Every structure is written in C-alpha cells, then in structure tokens.
Amino acid sequence: MKTIYIACITGLILFYCTSCSKKADNFAEVDRSPVIFPDYSDILIPPNIAPLNFLINEPGVCFETRIRQDKEREIVIRSKNPAVEINIKKWRQLLQESKGKKLTFEILVQTESGVWQKFKPIVNEISDEAIDNHLAYRLINTGYVLWNSLGIYQRNLENFNEKPILENKSVDYGCLNCHSFCQNNPDKMMMHVRAIHGGTFLNREGKLSKVNTKTGYTLSAGAYPCWHPDGKHIAYSVNNINQFFCSGPIRIEVADEFSDLIVYDTEKNIITTTNEVSTPNRENLPVWSPDGKYLYFISAPPATDFHERVFDKYSLLRIGFDVNTNTWGRADTVLSGAKLGKSISFPKVSPNGKFLMFCTSDHGYFTIHHPMADLNLMNLQTGEIHPMEINSPQTDSYHSFSSKGHWFVFSSKRLDGLFSRPFFSYLDENGKASKPFVLPQKNPRFYHTFLKNYNIPELITGEVSVSPVEIRDIVLRDAVPVRLDAGVDTSYMKNHLAAKKN
Amino acid sequence: MKPKLFNLANLYLILIISGAWGITAIKTEPFLHYDFQQMGFITSFSFFRDFLTYPGGISDYAAEFISQFFRFNALGSLLIVLVASLQGFLAIDLISRLIAKKQHNFPVFSLILLAGVIVLSDYRYPYYATLRLLLAFIFTWLFYFLHKKFPATSAYLWFLMAILLFYVASGPALFVFTVSSVAILIHLEKRRRWMIIAPLLMIFAGILPLAAYRFIFPVSLHSLYDIAVGKPPEFLAYATFYQLYVYYSLLPLLLLISLIFRNKEKVSPIPVVKKGTKISPVPFFRKNSFVITVQFAVLLLLGYFLYSRSHDNFNKKLLYIEYYAENGKWDELLNAAENIDRYDFRINFQINRAYAHLGQLPERLFSYPQLLGVNGLFYDNSNMNGSFTMSNSDLYFDLGFMSESLHWAFEAQTLLPNSPRILKRLVMINLINRNYNMAGKFLNVLDQNMLCHDWVRNYRRYLSDTTLAASDKVIAEKRRFSPGQNYVCIDPLNDLKFLYDFNPKNRFAYDYLIAHTILSSNFTDFMNYIPYYETFGIKTLPRSWAEVLSVNIVKNKTIPGFVSAETISKDCMEQFNRFNAILKQYNYNVEAAKSRLEQEFEKSYWYYILYFDPKVTKVLNNKIQIR
C-alpha cells in the first residue's frame, strides 16, 4: 500500500513538473501573428457571443494564451494541448466589461527545445451591439437527391447549446426545409415538410397549423418563403425545379424551369397572385421591404432550352403590394442582371431599409453550389452597389440580418470548399462589413470532422419556445388546403399554367 | 455435493454452442452483414450523444460497437453466439430457480440460442434488436433476485426498472420484461397478490411508450413499439419479422410454460420405499442421459429445419458478388456468378464491371444475358431508393469520372454517414482531385473508427507528401482520366463520350462506350467510335464488336474504310453466315428458329438483338418486374 502511495505522489510530482503549469516569463518574440483555427483575428466580436475557442496551429509542446482587455481583466489558459477552450463565465464577464474596446489575444508557444516563443498579439474589438442570441439552421448531409436524418436546429449563440426545433426522425424521415421567421421572431415561424406528411407548418405566436399551399391554379406548393412584417402574410415562390450534376468547379446546378410568386394570408387561409408576378418569366425568391409595401424578387426570362434554363442571368425586381386590400402594383426592375454582368439571387433588405444585400453568380439563382458566388451590397438610398469585402474565393451565399440590422450571418464554404458554415459580420452605417468569423464551437476541432452543412442560417431573437413534440404532432396531421383569392384572374392562371406545361 | 462439470448435459451444451458458432461462421458469415450494412462505429462523443436522444439509443450504441467486429468472421460469429448464449444462460438460470428442475435447461438454452442465430440469416437484421432483448433478459433476471430479497417493495422497484429499461432498450424490450416479470410473480406470489399487481404492470408497460411519445421524446410512435424500427435507408429495412417475434416471445413464453411444470412437480407424490422391497431399475427412456440425448437430437433437427428455411441462399450469393466487386476480386466474382442460375440485374451490372476490369468486356459481353440492355451497364436511377448509390460511385470511379463518383459517394454518405467504405472513397476522390484539405477531413472522421487506423495512417502521409499521391498507381491513373472541365451530365452515353474524348487512352471508358452503343443498337455512335480500336493495339476485333460490325456491313452493304482483312476474324464471319443460314432455314421466322439458335448463338450479339434486346422483350415497360 505504501508503495502505491509513493508511486502516486511521485507520479503527481512528475506530472506537475512536466505539465504546462509554469508561466512563460522568458520568451523570444516572433514578428508575426500565430496561425489559429478558426481565424479569430482582426474581427469585431458581439459582446454576447460564446467563447471563441480556437486551435493554435503552431508546433510546440506547451501553449499559453492570454486574453485581455487590460492587465486586470485577463484570462490565462495554459495547456499542453493546442486547443484553447475558454471558461465561459470568465469570457462573458470579460466581454461585458470590454464593450467598445480592444481585446488582445497573446499567444506563447514553448518549442520542443524548451524555448518559449511569443507571437504578435491578435487584436480584436468588442462591439457595443449584441447579436440576436439564437441561430436557426438546417443540418443536412451533402447528398443532393437522397436524405436520411436531418433536422432544423437552434443554437444559443451565447453558449454552445444546440437544440432541435424538429428532427425528421419524428416525422417518418420526411424532408424538412425552408424554415423562415418573421422579423427574427422565434414565435413566428414556418417550415415546409416534403415527401412524407407534406405541408407547411406555421407557428403564429403559439397558434400552430399545417397548410397545403398548392392549388389547382398554381405551379406548386409554396417554396421559398418570406414573412411580411405584419406577421400575417407570407410571400412564396412556386417553382418547377430540377438539379443537374456537373463536372468541373460547379458540381451541381439547380435550375427552375418555371417560377411564379404568391402571397399567403395566414389568417384567412387564402393565397393570391397577379399576372405581374405569374408571368412566363421565372419570378423567384420573394422578399419584403421592411415597411411591407414592396415585394422584391428575382426574375429571369423564360427558358426555351436547357442552356437558357441553367445559364440565364436573373435580375432584381420589385412590385408594390397592399396587404390590407390584396392589391398589387406594377413590377419594376431594380437591378438588371444583364447590365450587372452577373446573376442576382437571395436579395435581403436590411431592417432599417437602407441596404439590400444580395448574392451574385455567373448564372442561375441557386448559388450555394457556385464557388464564384459572392455577396454584394446595394445602398437603396443612393443606388450604389459594391461587392462586399467579406467575400472569399469559395461560395459566399445565403445571408440573414439580425433584428437590429447591423449583425448578419451568411453561409460560406471558405473553410474547405465543400461544407457550408455560418459566418458572422457587422455591417456599419456606411455599408462596410467587418471581417467575418465562423460560428464558435466548444471543441475547436469541431469543423475538422463535422460532415453536415449548415443550411439557411437565420438569426432569431430568442429560443423557439414551441417544443419539437408539439411541432411533430402538428406535422403528423393532415394539411389544411388553402383557398385561392376570389380576386385572382383564374382564367389567366389556367392559361398561364397550360402554356408552361406545353 | 458439487455438480459434475463434465456431465452429458454440459457436453451437449458445449457441442451446441460450438455448432452454433460454426454454422454462424460458415453459413451465415457475419462479415456479409458488416459489408452490406456498412457498419461504422465512431468513437467520438458527438456520435454517442445522438444515441442518448431516444429510447433504445443506448442499446443501439452498444450494438453498433459490437457489430463492427462482424467484419472479422470468426470473431463476429463468436460474439453473436456469446450474446445469444448469455440470453440462454440467463433464461435457464431463471427457470431452474423457479421450478427447481434442470431437465429443461438444455432445450430452453438451445431454443434461445437457435433463435438468436437464426435472426441473423436475414442480412438486413438490425443487431440492436438482439442487444435490446439481452437487456430485457438481464432486467428480468435482476427482478427475480430483487423480488426474492425485497418481496414487499419489489413491485415499486419494478416501475423504476421498467422506466430505465424503456429508456435503454425501448418498448418491445419493456414488454418482454413485463410479461416475464408477471410470469415470475405468478411463480412466486400468491394468486391474490399477483392478480392485483400483474394488470398494473401490464398497463404501465403499455402506456409508458405512449406517454413518452406524447410528452418527452420527439420520435415516431412506431419507433417505440416496433422491434425493428423502419428507418432509412430503405434497402436496409428489415422485413423478416416472424423470426424476430419468435425470438422476442421466447423468454416470456418459456417462463409461462414453466408454470405447468411447477404445478406438476407439486402434485407428484414422493415415492415411499418399504424396507426389504426391491427398487425396480429406472427404465432407459426415463434416464437423464437418454432424455438429454433425445432433446439434443430433436433440437438439432429443429435447428437444421428452421435454419435451412430461414437462410436466403440467393441473397447471400448476391452479397458475395457485391463483396467481390467492392474488393476488386473479379475472377472470384465471375466464378461465383457462374453458380447462380437466376438472372439478376445486380449480377448483370457487376459482371459487366468484372469483364471490363479483366479486359474481357468486348469478348464476353454476351456471356451473361444482357436482358436490360444498357441498364445492365448503368443502373436506372430514375426511381432511387439508395440501393445503388455506392455501386454507381464504384462504376464512375472505374471509369475515371471523379465528379460523378463523388456525387454518388455523397448520396451514399447521406444514407450511411459513417460507413468506412464510403469515407474511404471520399478520401480517395479528394486525393485524386488534389483536395488535400477535404481528404484530411474525411481521414479525420475515418480515424475515429477503430478498425481504420492503419488505412488512415497510410493515406495521411499523402497529405504532407503529395508526391506519394502522384506515385500511387490508382491515383495517378484516375488523375489522367478524370476530366476537370465544365460539363453537365445528361446521360451515360454522353458521359462516356465525354470521358473518352477527354482521354482517348481510357480503355475502360472506351469499352463501356462501345458496349453502350451495342446494347442500345446505336449504330451511328458505334461506327463513329469503333475505328479507334487500333489505338489500343487491337488488330482483330473482339467477338461482340466484330459481331456488330458484321451486321453493319451486311446491312449497309459497304465495308467501311477502317476495316482490313484481319479486322473481323474468319470464324466470326463463318458464324454469322451460319446464323443467317439457320434463320433462312426457318424462313426468317424468329420464334420458330429460337431454340435452334439458342443452342449455338445464345451468347452472341445476333441472338441478343432478336431475343434479349429490351426493345424486343419490352421488359423495361415494367420496371417493378425487373426489381
């Protein structure tokens, strides 16, 4: 017994002596910043974000990280492991006390020869403005046609908790997609269920329902959605879409053969459309202006052959719509794709109505598979357009503003060229975006092994309070069919559909 | 007195365990389960965490862990037999404690072992069902002891055990536990007491999954009540349910049956032997050794009967074909296919690949009846259920078309996210495409599979030293053949033309291209591409090409410029003349000439276009029939 005790104590002493317990006092300065993953350098940090855990990609046997605003407010992490996992309580406190100030990350690495190296500090800034505290997204594998387990999840951005909003294992493995929230409100949401138990699930502040938005006069059930700011109407595209597999940098093309727009009144259970947005052209991806008076959308000419279908460019249009009277205005071109020399997709207006952020690619609208896809910003007051400074050589696509309009999230494949990850950036009053950073994870190696895509990241102001069990029970019910607005010219829609089918 | 360890009963027990092991290893061959189901156990916490989110998840996790060792046939068989034996031992321990008789031990044990082995004769069998049942056995066994020790409070403890068992092993295991517990209570309790408790336990067990579904777990209701949960992918959906129901009902049933023997034992009077009377010898048929021997023989026969009824030999052969194809054992594949006398489109597909790999496709294209035409070369994916995703990826990998191979590998990975085979394919394609970062990511995931460390170690070197990738024979060849330019895949024929046009040295693509034109009777493309045969050093055309060319020459009454005296063999021309002569003999009545032509020309293009071509047979009009 005595021998065991002695062995244990010796072991502990040895462990203490060989572990990274001593502070690095003597070091050699290295005239460059350390390589860390994910890249959390020169960024603006929301004051309520979860710890930005990272991996020090420098060779060494011992690692010391000092995160400080000033000498009094400092977090020191010392470890043999290059993975830096920051204590969440200390991090929160540090961030709250450092709003609007610089935050320095000092990294020291002990080499195998025992010499400590101190790298140039990484300097970040803490924003005064908090980001919406939850992010909703779909997690999906990289299969293009088939699916298995998938779900729509919500992640608390202030910590690392991720909860399912709904997983498809509870609804017989149907496909879930196109989750959408009304002005970042977690209590006003919708999502589609396809293939099995098909329909559109709606949560209007606790009023749960499931509807079938397909009518005999429209191309399909509602697809790409956008809530009207009044929280009662949702604009949808109705599409006939296919995908094509390719060789070369673009592995897959998704193209619509036909597309129109509809608006769904959630209270009256009525859909409406007009011949201005149900034309032979391909109207797609509707989005409301923050005042709710205009519906922005993209449009491409009718596709007469396969080449046009895939390689046409989309323009940005808008049309007036009065939700009180269900009356439409005339469609106007806001930005011509042909003139821009790019195809426009995923327009989103900032909540203050000042900017319109959109995606561009060489052709088509489904940019997530296009490595050349970039984000652009249009100043709606001046009409000025510029490609955003946050773009990367890889796909930068689907984006969503926070409720206050400065923080935004977008999908990017910049980490590896294949998997889409949510990145955050801050858009200032002049339309300048801060350097983006990826969604922080507890394990900094998370993205090294995670093989699912973050699909349609949407910032929301809190947790979706309806439980997955409640949503499941609604989804398993039969969908209530919607009615067509009596004001819609049905003979026009009939002819329009017949023409498209021919 | 200590019981003898090496008595006849134990000998038979050892024999039956060894026999079960042997049969599982030789006949069932669990490595085929591994190969078919693509078991991929990952050691990461996030993998484990997913199993905590639903009832039964923990036993599923344990099953995933155990079943990965099915890859090693002997070890996998041993594990299967050991788990089933453990169930058997628990059952005999329980029953012998309840009825204080050991005569029934052997049949009880054997029946459970037999059922535990037979369920695996279906290669889609989800092994978690066995693990869940094992937990039900263990909980029942524990309940017996708890009840013995705390008879007053055991009923309360039962409820706790039921909740725990439901969480770790789901509803059906709970039902087994419940009925078995009731049987134990009937054994041990007074009628008045068990009559009150038993219905309570039954009602609780029936309601618990429903309550969990309604209020706690966002899962489907049938997943809590079904023994084998129907979940994607569709092709792995288990369907042989009667065996599973028998397996699950054995313990409760045996415990209930044991009640009969308990009562019998109570009524049988103890014989009184008077002093001086001679004890008559026990007749041989009442001797323990005889009874056990008879039991052994009967169970052996029953086992043979049930196993032979359950074992799907054709399916096993099919899996062997797939296994050989995956591992590039083309000669073995062709040998195995020769022993299958039934047409199957999957065999057709793999045989074509085998011929192409061995360089025999042009010569032996019609050695196997090409009943589906070009759909024997490329699967018809219009009605996808995921069965062919990896086979498609394999074929495009063979052809050197990396983007399509990747596309199908991703579809496969969506269905089976941690399959080592699929992850290895993703690593290889990314190495070929020089996406070292991505290859590294898939290697990271594969490295979490404890059976793949060596493979990962080997290929991880390629990331840091890219010259290793360049000098790898497979990678170098695929790099040469894989086109990098923009192209939208429309159909297999255009894909093949694209591949061949990109690199005319791609013999595999060329053979498939010509085979495609032949099987679709696409003479225009055949005549466009066949003149390039000389680039592969061919002087005389292989059989199927020559047969098509001969038809073309006769049809057009002209000899194309590329045809020399040695392009078509004399033998081929003679055969063609003979074929035509026979037809003429029957006044060109195709139906009448069929049996005659079949004898000599069944394996020729000429016979194909008259009798096998899907345009003639219209077989593709009913795709369900093909499947």
Side-chain angles (χ1 to χ4, degrees), chain A residues 140-151 162-174 196-197 243-253 255 306-307 309-311 362 415-419 441-443 445-452 467-473 475-476, chain B residues 42 44-46 50 53-54 213-223 229-233 381 384-386 389 401-404 406-418 423 426 430 435 437-438 440-442 444-445 447-448 482-490 495 498 502:
Chain A
I140 186 167
N141 283 91
T142 311
Y144 308 108
V145 179
L146 297 168
W147 69 90
N148 189 349
S149 295
L150 60 86
E162 184 189 68
K163 290 179 184 172
I165 294 174
L166 184 67
E167 288 176 314
N168 72 339
K169 70 180 176 200
S170 62
V171 290
D172 299 324
Y173 294 90
I196 302 161
H197 308 297
Q243 46 189 344
F244 308 95
F245 299 95
C246 314
S247 158
I250 299 174
R251 286 193 316 277
I252 182 166
E253 289 285 4
F306 175 77
H307 188 269
R309 184 176 176 186
V310 174
F311 295 102
D362 290 349
L415 290 187
D416 51 37
L418 177 67
F419 295 103
Q441 302 290 349
K442 188 165 180 11
N443 177 1
R445 291 185 178 92
F446 175 84
Y447 294 113
H448 289 173
T449 52
F450 191 63
L451 301 184
K452 286 192 174 184
S467 74
V469 168
E470 288 172 280
I471 299 177
R472 175 202 63 195
D473 290 347
V475 168
L476 292 179
Chain B
I42 297 286
S44 74
F45 178 71
S46 60
D50 288 345
T53 60
Y54 64 96
Y213 167 79
R214 288 292 304 127
F215 305 110
I216 304 169
F217 294 105
V219 292
S220 63
L221 189 59
H222 60 80
S223 72
V229 182
K231 57 183 175 186
N381 297 302
M384 281 199 3
N385 72 353
T389 49
F401 201 0
M402 287 308 116
S403 62
E404 268 301 273
L406 189 66
H407 154 214
W408 287 108
F410 276 137
E411 298 290 358
Q413 198 257 337
T414 295
L415 298 176
L416 302 162
N418 302 313
L423 290 170
L426 289 167
N430 280 292
N435 290 331
N437 189 9
M438 278 313 306
K441 182 173 295 232
F442 291 115
N444 290 341
V445 180
D447 207 17
Q448 293 174 342
S482 182
Q485 69 257 49
N486 291 328
Y487 163 78
V488 181
C489 306
I490 299 163
D495 293 351
F498 174 65
F502 174 75

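These numbers come from the heavy atoms of this one structure, side chains and all, not from hydrogens, waters or symmetry mates. Every value quoted in this text rests on a predicted model; they were computed, and no experiment measured them. Labels below follow one simple rule: chain letters A, B, ... track the order of the sequence lines, proteins then strands, and each chain is numbered from 1.
Under the 4.5 Å side-chain criterion, counting only non-hydrogen atoms from C-beta, B/Ser46 is not in contact with A/Phe450. You'll find the side chain of A/Leu451 reaches within 4.5 Å of the side chain of A/Phe419, heavy atoms only. Side-chain contact between B/Lys441 and B/Leu426 is absent, with no heavy atoms from C-beta onward closer than 4.5 Å.
Options B/Glu404, B/Gln448, B/Arg214 differ in how many heavy-atom pairs under 4.5 Å they form with chain A, and the most are formed by B/Arg214. Among A/Glu253, A/Lys169, A/Glu470, the residue with the largest count of heavy-atom pairs under 4.5 Å with chain B is A/Lys169. Considering only heavy-atom pairs separated by less than 4.5 Å from chain A, the leading option among B/Asn444, B/Asn437, B/Val219, B/Thr53 is B/Val219. Among A/Phe244, A/Phe306, A/Tyr173, the residue with the largest count of heavy-atom pairs under 4.5 Å with chain B is A/Tyr173.
Of the two parts of B/Gln413, the backbone and the side chain both hold a non-hydrogen atom closer than 4.5 Å to a non-hydrogen atom of chain A. Proximity to chain B is limited to the side chain of A/Asp473, based on heavy atoms less than 4.5 angstrom apart. At a 4.5 Å heavy-atom cutoff, A/Phe446 makes no contact with chain B through either its backbone or its side chain. Residue contact with chain A, scored on non-hydrogen atoms closer than 4.5 Å, involves the side chain of B/Leu423 exclusively. Residue contact with chain A, scored on non-hydrogen atoms closer than 4.5 Å, is absent for B/Ile42. Proximity to chain A (any heavy atom under 4.5 Å) is shown, for B/Asn486, by both the backbone and the side chain. Interface remark: A/Ile140 contributes no atoms to any contact with chain B (heavy atom separation under 4.5 Å). Looking at A/Pro164, there are no atoms closer than 4.5 Å to chain B (heavy atoms on both sides), in backbone or side chain. Heavy atoms closer than 4.5 Å to chain A are found in the side chain of B/Tyr54, but not in its backbone.
Taking the six-membered ring where tryptophan is involved, the planes of B/Phe498 and B/Tyr487 are essentially parallel, since the angle between them stays under 30° and well short of 60°.
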